[in-house]
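Encoded as structure tokens, the structure appears first; notes follow it.
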Amino acid sequence: MRGLQLRLEGRIVKRAVARRPDMRWPLPPGLAAALTGARIAGFRRRAKYILMRLDSGWSVLIHLGMSGRMLVEPVGRNDITLHEHIELETDDGWRVGFVDPRRFGSVDLIETDREDQHKLLAGLGPEPLDDAFSTPVLDAALAGKKTPIKAALLDQKIVAGLGNIYVCEALFRAGISPLRQAHTIPGARSRRLVPAIKETLTEAIAAGGSSLRDYVQTNGELGYFQHAWKVYGREGLPCPACQSDETCDGVRRIVQSGRSTFYCTRKQR
DNA sequence: CAAGAATCCTGTCAGC
DNA sequence: TGCTGACAGGATTCTT
């Protein structure tokens with residue numbers, strides 16, 4: 001969002017093209033028309049959604065899914081053409097592409113004054129970096145939940161914006177087993193978990209995110225938080241907390257609700 | 001109702 | 001080199 005904001009805020013969309021509508025959700029038929037000629041007033045992020053506000057009273061809601069990226073480059077460079085499903089051009093010579101090979105991402109239109117009532121935003125939990133995301137708030141959301149804490153943290157209704165990598169990393173930092181039932185978290189564990197989530201995200205944002213394969217910033221640069229991963233993607237490697245302790249088997253990989261979980265069975269309980 | 005599985009789609013990589 | 005299967009940052013919808 002910040003990469004888009006840098007180049008697009010205040011600019012006028014000179015040209016917009018929507019090439020294929022069959023994304024995760026069908027693109028709204030009026031998307032290109034709504035963009036063309038509009039001035040981009042500003043940006044906002046909610047959970048994993050980017051909201052681009054137009055001066056027409058409409059907002060463009062963007063979700064990148066798993067493989068989506070926004071490309072921002074000078075007109076004429078055209079780095080990517082394959083899987084570029086939406087393209088726009090500004091009045092000052094910049095080109096923006098919405099690139100998404102898997103098409104798990106999508107874009108929608110919503111009136112700006114009704115943004116939070118959009119079906120995809122309406123039920124979301126608190127922003128993890130807001131003061132509103134606190135130990136008592138998390139405790140209330142986890143009360144009575146029998147699902148593993150790993151699945152609960154991926155549930156956007158409980159806290160909004162955490163994905164698989166950052167859940168694994170935050171649970172490691174908090175010393176909590178991903179298998180532990182959610183209702184057993186409130187108390188001392190929750191008081192470690194909430195700060196662990198905030199610290200993980202804050203550090204990752206400062207590092208420009210985690211570049212695994214196709215995730216890059218809007219200027220094409222890689223994030224570098226992947227070098228700071230302590231457990232994610234590190235199956236079989238020594239646990240950075242236990243180091244040479246021979247009672248630690250190192251980082252283990254399991255599958256929970258169809259997603260990989262990485263953790264240390266010694267440090268995380 | 002809650003929890004877990006299946007699903008959408010394409011690309012990449014390991015193993016044979 | 002080419003084939004096959006597993007796996008990938010997500011989130012909804014379908015089953016149990």
Side-chain angles (χ1 to χ4, degrees), chain A residues 1 3 19-27 45-50 61-71 80-86 97-108 118-125 128 141-171 178-185 197 200-201 203-205 207-218 221-236 252-262:
Chain A
M1 186 207 74
R19 295 205 176 79
R20 62 182 301 173
D22 53 333
M23 303 297 293
R24 179 66 173 86
W25 299 281
L27 295 186
R45 181 198 56 76
R46 174 74 171 111
K48 296 171 188 169
Y49 298 92
I50 297 168
L61 178 74
I62 301 166
H63 195 290
L64 300 175
M66 298 256 265
S67 59
R69 57 175 290 203
M70 302 298 301
L71 171 74
I80 292 188
T81 49
L82 193 63
H83 302 305
E84 189 176 280
H85 309 307
I86 301 170
F98 176 80
V99 181
D100 185 7
R102 292 175 77 179
R103 284 183 283 121
F104 284 4
S106 200
V107 171
D108 202 4
H118 191 284
K119 189 169 178 277
L120 297 168
L121 303 191
L124 292 170
L142 298 180
K145 285 224 164 280
K146 292 186 76 176
T147 194
I149 185 61
K150 165 77 187 306
L153 293 178
L154 283 173
D155 182 348
Q156 306 293 298
K157 296 189 288 297
I158 291 178
V159 53
L162 289 179
N164 202 35
I165 293 173
Y166 299 123
V167 168
C168 290
E169 293 298 311
L171 286 172
L179 296 163
R180 175 174 281 284
Q181 295 197 347
H183 68 85
T184 69
I185 297 299
I197 289 169
T200 303
L201 290 178
E203 289 175 29
I205 291 165
S210 301
S211 291
L212 179 46
R213 34 192 80 202
D214 34 25
Y215 175 82
V216 288
Q217 303 180 62
T218 54
E221 283 176 20
L222 301 177
Y224 52 89
F225 192 70
Q226 64 277 15
H227 304 301
W229 292 346
K230 301 197 190 314
V231 287
Y232 187 87
R234 299 180 58 83
E235 184 181 17
R252 189 162 162 223
R253 174 182 176 272
I254 59 172
V255 175
Q256 289 180 288
S257 45
R259 319 284 312 273
S260 284
T261 299
F262 298 89

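To find a chain, count down the sequence lines: A is the first, B the second, and so on, and within it residues start at 1.
- The P atoms of B:dA3 and C:dG9 are separated by 22 Å, rounded to the nearest whole Å.
- Residues A:Leu61 and A:Val107 are not in side-chain contact: their nearest non-hydrogen atoms beyond the backbone lie 4.5 Å or more apart.
- In this structure, A:Arg103 reaches the B:dT10 phosphate: one of its side-chain N or O atoms is under 4.0 Å from OP1 or OP2.
- For A:His183 and B:dA2, the NE2 to C1' distance is 13 Å, given to the nearest whole Å.
- In terms of phosphate contacts, A:Ser67 brings no side-chain nitrogen or oxygen within less than 4.0 Å of OP1 or OP2 of C:dG9.
- The side chain of A:Lys146 lies closest to B:dA3, out of C:dA8, B:dG4, B:dA3.
- When the nucleotides C:dG10, C:dC7, C:dT12 are ranked by their closest atom to the side chain of A:Ser260, C:dC7 comes out on top.
- The separation between A:Asp155 atom CG and B:dA2 atom P is 11 Å, rounded to whole Å.
- Atom CG in A:Leu222 sits about 14 Å away from atom C1' in C:dG9, given to the nearest Å.
- Close to C:dG9, at under 4.0 Å from its OP1 or OP2, lies no side-chain N or O of A:Lys48.
- A:Leu64 has its CG atom 14 Å from the C1' atom of C:dA11, to the nearest Å.
- Heavy atoms of other residues, nucleotides or ligands lying less than 6.0 angstrom from CZ of A:Arg180 number more than 12.
- Across all strands shown, A:Tyr232 has heavy atoms under 4.0 Å from sugar-phosphate atoms exclusively, and none from any base.
- Atom pair A:Phe262:CZ and C:dC7:P shows a separation of 10 Å (rounding to whole Å applied).
- Here A:Gln256 lies out of heavy-atom contact (under 4.0 Å) with every strand.
- Phosphate contact (OP1/OP2 of C:dA8, side-chain N/O of A:Arg259, threshold under 4.0 Å): absent.
- Phosphate contact (OP1/OP2 of B:dC9, side-chain N/O of A:His83, threshold under 4.0 Å): absent.
- Proximity of A:Gln156 to the phosphate of C:dG10: no side-chain N or O atom is located under 4.0 Å from OP1 or OP2.
- The phosphate of B:dG4 has OP1 or OP2 within less than 4.0 Å of a side-chain N or O from A:Thr147.
- With rounding to the nearest 0.5 Å, the separation of NZ in A:Lys48 from CG in A:Leu120 is 13.0 Å.
- For the P atom pair drawn from B:dC9 and C:dC3, the interatomic distance equals 23 Å after rounding to whole Å.
- Contact check of residues 157-165 of chain A against DNA chain B (heavy atom, cut-off under 4.0 Å) returns no residues at all.
- The distance from atom CE of A:Met66 to atom C1' of B:dT12 is 13 Å, rounded to the nearest whole Å.
- A 4.5 Å side-chain heavy-atom check between A:Phe225 and A:Ile205 finds every atom pair outside the cut-off.
- A stacking contact between A:Phe104 and C:dA11 is absent: the pair does not combine a ring-centre distance of less than 5.5 Å to the base's six-membered ring with planes differing by less than 30°.
- Between the side chains of A:Ser210 and A:Tyr166, a donor-acceptor pair is found at a separation under 3.5 Å.
- Using a distance-only test at 3.5 Å, with no hydrogens or angles considered, a donor-acceptor pair links the side chain of A:Ser106 to the main chain of A:Trp25.
- In summary, A:Asp100 and A:Arg69 do not engage in a salt bridge, as defined by a charged side-chain N under 4.0 Å from a carboxylate O.
- One interatomic measurement links the two molecules: CG of A:Asp100 to C1' of B:dC8, which rounds to 11 Å at whole-angstrom precision.
- Salt-bridge formation is not detected for the pair A:Glu169/A:Lys230: no Lys NZ or Arg NE/NH1/NH2 atom is positioned less than 4.0 Å from an Asp or Glu carboxylate oxygen.
- For DNA chain B, each stem of at least three Watson-Crick or G-U pairs (distances under 3.5 Å) is given as range with range: B:2-8 with C:10-16, B:10-16 with C:2-8.
- In this structure, A:Leu154 places its CG atom 9 Å from P of C:dA11, rounding to the nearest Å.
- Listed pair A:His63 / C:dA11 meets the phosphate criterion, a side-chain N or O lying under 4.0 Å from OP1 or OP2.
- Within the 4.5 Å cutoff, the side chain of A:Pro148 has no heavy atoms near those of the A:Leu179 side chain.
- Residues A:Arg103 and A:Asp22 are in side-chain contact: their nearest non-hydrogen atoms beyond the backbone lie under 4.5 Å apart.
- Donor-acceptor pairing under 3.5 Å is lacking for the side chains of A:Gln226 and A:Ser211.
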